[in-house]
Every structure is written in structure tokens, then in C-alpha cells.
Amino acid sequence: MGFAHNNVLHSNHFRKDWQRRVRTWFDQPGRKLRRRNARKTKAATLGVRPLTLLRPAVRAQTVRYNRKVREGRGFTLSELKEVGINRKEARGVGIVVDHRRRNLSEEGKKLNVERLKAYKAKLIVFPRNAKKPKKGDSTGDDLKAETTRVHLPLPDPYVHEAPRTITDGEQSFEAYKTLRVARANARYDGIRKIRAAKKEEEEANKKK
């Protein structure tokens with residue numbers, strides 16, 4: 001690049017010490033091993049308790065993702081009441097409670113109530129003092145039952161049907177046309193009611 005006239009001389013610094021500013025990630029394998037060992041240590045300290053807390057099955061937000069079922073923050077107070085678990089007792093046996101969440105559908109509430117019942121049926125509460133078990137502690141053969149730390153899986157959101165042949169009614173059904181007609185009926189419902197009322201009024205005036 002040439003220089004001309006009375007302009008400022010270029011002072012471009014292209015040889016900066018870039019090696020000192022590079023972010024490296026050479027400790028990735030070591031960190032992986034450290035996390036794995038930490039998980040093992042945590043599992044050993046938890047004893048026979050589940051590795052994760054029990055959370056409700058909720059629908060993901062927005063129209064795009066609400067087909068998916070994921071774990072929510074915590075169970076509602078009404079869900080716990082259906083099963084007969086106290087909110088303070090729930091926190092002690094590994095059930096997360098969210099007092100702000102509300103049940104917007106009966107299906108979702110029923111799903112989580114069944115989830116709680118299944119968890120409660122498998123739950124074994126070991127007493128602190130074997131000679132003096134408290135209310136809610138497991139006793140007898142329940143204490144000798146085989147324990148598992150497997151996480152309670154999320155329910156399948158879809159009811160799978162067996163394959164079948166398409167009926168003539170389904171084949172002749174025009175989904176797009178039906179939706180457009182229903183949309184138009186909903187749109188002009190108010191105007192049609194006003195017209196019908198006006199017509200009735202006019203006919204009543206003619207009879208007079």
C-alpha cells in the first residue's frame with residue numbers, strides 16, 4: 001500500500017502476542033474423571049437413598065414444544081393432598097414441592113398423582129431408631145425388601161394404537177374445509193345473531 005500526500009503514516013500491528021490470549025482446554029479429560037469420581041462419592045454417601053429427587057411430569061412450554069413431557073420443578077399441593085402426603089413430609093422422603101404451580105388440566109393432575117402413588121408404593125423409610133419407629137416409618141418385612149436406586153421414569157405421553165385400515169368416513173373427510181367453515185362460523189357468529197334479532201323485531205313490528 002503506497003503513501004501519498006500529507007496523510008498519517010500507517011501503524012498496523014499484525015504481530016501481537018496472541019499465544020498468551022488463547023484459551024486452552026487440556027484439562028477436559030481430567031475434569032471428566034473428577035466429575036465421575038465426585039458422582040461415585042456422592043452415591044456412596046447417600047446410602048440407599050435415590051440419587052435424584054422425584055419431580056412431576058409436565059408439558060414443555062409454547063405450542064412448539066408442548067408435545068414433549070419433561071420433569072417439572074415440583075409437585076403441587078393438591079397433587080400431594082390426593083395421595084395423602086404432607087408437604088413437609090414430602091421434602092423428607094425425596095419429593096420436591098412447588099407451592100406456586102397450579103394444575104391446569106385433570107389429565108396432568110391424574111398423571112402426577114399416579115406417579116406419586118407408584119413412588120409411595122416402592123418407598124421404604126428406614127427408622128432412625130429401630131426399636132422406636134415413628135409414624136410413617138417402614139416396619140417388618142418392608143425393611144428386608146430389596147432396595148433399588150433406579151429413578152422413576154417419565155410416563156409415555158402417547159397411547160400407542162395398533163395399526164388398522166382407514167375407514168371410508170376418514171378418507172372422505174375434508175379436514176381443511178371443515179376447519180375453514182368452523183373458523184368462519186365462529187367469526188360471523190355475532191353478526192348473524194344481530195341480524196336474526198333484527199329480523200325478528202321487524203316481523204314483530206309488521207304483525208302489529
Side-chain angles (χ1 to χ4, degrees), residues 23-162:
R23 169 80 171 145
T24 58
W25 202 9
F26 300 131
D27 61 344
Q28 186 185 13
R31 279 179 176 274
K32 183 180 178 181
L33 185 66
R34 197 189 308 166
R35 285 196 300 270
R36 186 177 181 182
N37 290 335
R39 284 196 297 271
K40 282 182 180 179
T41 309
K42 186 183 177 183
T45 53
L46 285 173
V48 292
R49 280 188 290 172
L51 297 174
T52 54
L53 300 171
L54 184 72
R55 295 182 187 274
V58 298
R59 292 275 173 185
Q61 288 184 341
T62 71
V63 176
R64 183 174 182 179
Y65 297 109
N66 66 3
R67 299 184 308 278
K68 293 183 179 180
V69 172
R70 64 171 179 81
E71 283 192 341
R73 187 181 285 275
F75 289 92
T76 60
L77 299 177
S78 59
E79 287 168 355
L80 293 168
K81 194 177 181 181
E82 288 266 336
V83 186
I85 300 173
N86 187 14
R87 60 191 293 185
K88 288 184 179 179
E89 181 195 342
R91 294 176 69 183
V93 293
I95 300 169
V96 188
V97 183
D98 185 11
H99 64 88
R100 296 164 298 182
R101 209 179 117 239
R102 298 285 178 269
N103 292 111
L104 299 178
S105 66
E106 285 295 326
E107 292 84 359
K109 186 179 179 181
K110 187 182 176 185
L111 193 73
N112 285 319
V113 166
E114 287 173 2
R115 189 168 165 78
L116 282 168
K117 283 179 180 175
Y119 182 78
K120 194 178 178 183
K122 293 180 180 180
L123 187 67
I124 301 169
V125 182
F126 291 94
R128 286 178 182 272
N129 188 352
K131 294 176 182 178
K132 295 179 182 178
K134 291 184 179 179
K135 185 184 175 184
D137 292 345
S138 300
T139 53
D141 295 334
D142 292 339
L143 297 172
K144 296 175 183 177
E146 190 179 347
T147 57
T148 178
R149 304 173 77 175
V150 178
H151 182 59
L152 199 69
L154 287 170
D156 192 2
Y158 302 107
V159 180
H160 298 281
E161 297 179 4

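The first residue in the sequence is number 1, and the count goes up from there.
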Less than 3.5 Å apart, which donor and acceptor atoms pair up between the side chains of residues 29-43 and the rest of the protein, not counting sequence neighbours?
{"residue": "Arg31", "atom": "NE", "partner": "Asp27", "partner atom": "OD2", "Å": "2.9"}
{"residue": "Asn37", "atom": "ND2", "partner": "Leu33", "partner atom": "O", "Å": "3.3"}
{"residue": "Thr41", "atom": "OG1", "partner": "Asn37", "partner atom": "O", "Å": "2.8"}

Determine the minimum heavy-atom distance between [X] and [Y], stating which atoms define it.
{"X": "Ala57", "Y": "Val69", "result": "CB-CG1, 3.8 Å"}
{"X": "Leu54", "Y": "Tyr119", "result": "CD2-CG, 3.4 Å"}
{"X": "Tyr65", "Y": "Ala60", "result": "O-CB, 3.2 Å"}

Quiz item: Among Arg101, Lys120, Arg87, Arg102, which residue meets the salt bridge (charged side-chain N to carboxylate O under 4.0 Å, His left out) test with Glu79?
Solution: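 That would be Arg101; it is the only one of Arg101, Lys120, Arg87, Arg102 passing the salt bridge (charged side-chain N to carboxylate O under 4.0 Å, His left out) with Glu79.
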Practice problem: Please identify each residue that fulfils side-chain contact (heavy atoms from CB on, under 4.5 Å) with Glu71, with sequence neighbours left out. | Solution: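 Glu71 satisfies side-chain contact (heavy atoms from CB on, under 4.5 Å) with Arg55, Arg115, His151, Leu154 once adjacent residues are dropped.
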Let me confirm one number: the [atom1]-[atom2] distance from [X] to [Y], rounded to the nearest 0.5 Å.
{"X": "Lys88", "Y": "Leu80", "atom1": "NZ", "atom2": "CG", "value": "14.0 Å"}
{"X": "Leu152", "Y": "Leu123", "atom1": "CG", "atom2": "CG", "value": "11.5 Å"}
{"X": "Arg59", "Y": "Arg67", "atom1": "CZ", "atom2": "CZ", "value": "10.0 Å"}
{"X": "Lys110", "Y": "Glu82", "atom1": "NZ", "atom2": "CD", "value": "11.5 Å"}

Quiz prompt | Arg73 atom CZ, over 12 foreign heavy atoms within 6.0 Å | solution =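 Open.
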Quiz item: Is a donor on one side and an acceptor on the other found under 3.5 Å between the side chain of Arg91 and the backbone of Val97?
Solution: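 Judged by distance alone, no pair lies under 3.5 Å.
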Quiz item: Which one of Leu53, Leu116, Val83 satisfies the side chain to side chain contact (heavy atoms under 4.5 Å, CB included) criterion with Ile95?
Solution: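 Single side chain to side chain contact (heavy atoms under 4.5 Å, CB included) partner of Ile95 among Leu53, Leu116, Val83: Leu116.
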